[in-house]
Amino acid sequence: MKTIKNIGTLAIILALTLTGLTACGEKDIDEITTAEPGEKIYSTTDFSIIYPQDWEVLERETFPTLVPHQTIVAFRNNIRDEIFTANLNVSRAQLERKISAEDFAKSTMAKIRTTLLDVREFPITYREVPNADQEKGVIIEFQGRKSPAEPILQFKSLNIVSNTYAYTITGAYLPTEDESVVIKLERMLDSFTLN
């Protein structure tokens, strides 16, 4: 089986979701915007996100050459897996026109269906996003693989539209990933806020 070891391959998959234009429940915003022990806050002028302090932070100047320019930052599990290392990235794309987060998520999913193999979709869910133009972000969750030789990956993606920008926050991991890692990825998705 071919192995995937770097963020570049995942970034290419996720870039496909941005060029074509999941199950978190609603939580109290105060509950998700404060870092707990073992966590840090990554913040820009546009957004903030909580991440595990022992995870690697990859910014534009340290990205492999294959990472698309829409990707702002990526977080990678500090425990490497020989097949695929769990990670999460934040991307922002300028839209030609303002659309709803739900329409953006649907167009993203349509593009994914044409670019990945063995796609399996899960029900769409929603969550509030502080400071977003629209009250809710749309979470899509799916599985798929880039080629028959590569493993199936699990993706969970929060899609937000603010003005004419679409933010995509996507966690990726093996379906057999340790539950503690999946919980960390979900915490990251839940903590994302626009500034």
Are any of the side-chain heavy atoms of R60 and H69 separated by less than 4.5 Å?
-> no
Any donor-acceptor pair under 3.5 Å from T62 side chain to L58 backbone | no
Check: Y165 main-chain N/O paired with S162 side-chain donor or acceptor under 3.5 Å = no
Check against side chain to side chain contact (heavy atoms under 4.5 Å, CB included), K106 and V138 = CA-CA 9 Å; K106 286 178 181 177; V138 178; over 6 Å; no
Would you mind reporting whether E56 and N78 have side-chain heavy atoms less than 4.5 Å apart?
-> no
Walk me through it: do E59 and Y42 pass the test side chain to side chain contact (heavy atoms under 4.5 Å, CB included)?
-> CA-CA 11 Å; E59 296 176 301; Y42 182 92; 2.7 Å; yes
Locate the shortest heavy-atom distance separating N87 from L185; write the atom from each residue and the value.
-> O-CD2, 3.5 Å
Considering only heavy atoms from C-beta outward, does the side chain of L153 approach that of K146 to under 4.5 Å?
-> no
Minimum heavy-atom separation for G144 to F155, with atom names?
-> O-CE1, 4.1 Å
Find out whether K40 and F75 are in side-chain contact, i.e. whether some heavy atom of one side chain is under 4.5 Å from a heavy atom of the other.
-> no
Spacing of CD belonging to E102 relative to OH belonging to Y126, to within rounding of 0.5 Å = 3.5 Å
One should read off an interatomic distance between L158 CG and R127 CZ, to the nearest 0.5 angstrom, of 5.5 Å
Do the non-hydrogen side-chain atoms of D81 and Y173 ever get within less than 4.5 Å of each other?
-> no
T176: side-chain hydrogen bond (donor to acceptor under 3.5 Å, both in side chains) partners, not counting sequence neighbours = none
Out of curiosity, R92 CZ to I169 CD1, how far, rounded to the nearest 0.5 Å?
-> 12.0 Å
Roughly how far, to the nearest 0.5 Å, is CD of E177 from CD1 of I83?
-> 10.5 Å
Any donor-acceptor pair under 3.5 Å linking the side chain of N195 with the backbone of F47?
-> yes
May I ask you to test the P52-M188 pair for a side-chain heavy-atom distance under 4.5 Å?
-> yes
Could you pull out the closest heavy-atom pair between T71 and S91, with the gap in Å?
-> OG1-OG, 3.5 Å
F192/V90 under side chain to side chain contact (heavy atoms under 4.5 Å, CB included): CA gap, chis, key distance, verdict = CA-CA 10 Å; F192 185 87; V90 179; 4.0 Å; yes
List the steps and the verdict of side chain to side chain contact (heavy atoms under 4.5 Å, CB included) for N89 and V67.
-> CA-CA 11 Å; N89 73 47; V67 176; over 6 Å; no
Side chains of S157 and T108 in contact at under 4.5 Å (non-hydrogen atoms) | no
Would you call K156 and L189 a side-chain contact if the rule is heavy atoms closer than 4.5 Å?
-> yes
Atom CD1 of I79 and atom OG of S180: how far apart are they, to the nearest 0.5 Å?
-> 7.0 Å
Among all residues two or more places apart in sequence or in another chain, which pass the salt bridge (charged side-chain N to carboxylate O under 4.0 Å, His left out) test with E39?
-> R187
Candidates N159, V129, D46, V161 - the one meeting side-chain contact (heavy atoms from CB on, under 4.5 Å) with Y167 | D46
For L117, which residues count as a side-chain contact (heavy atoms from CB on, under 4.5 Å) partner, sequence neighbours excluded?
-> R145, P148
So, N77 and T85: side-chain donor and acceptor under 3.5 Å apart, yes or no?
-> no
Here the gap from L116 atom CG to I152 atom CD1, rounded to the nearest 0.5 Å, amounts to 10.5 Å
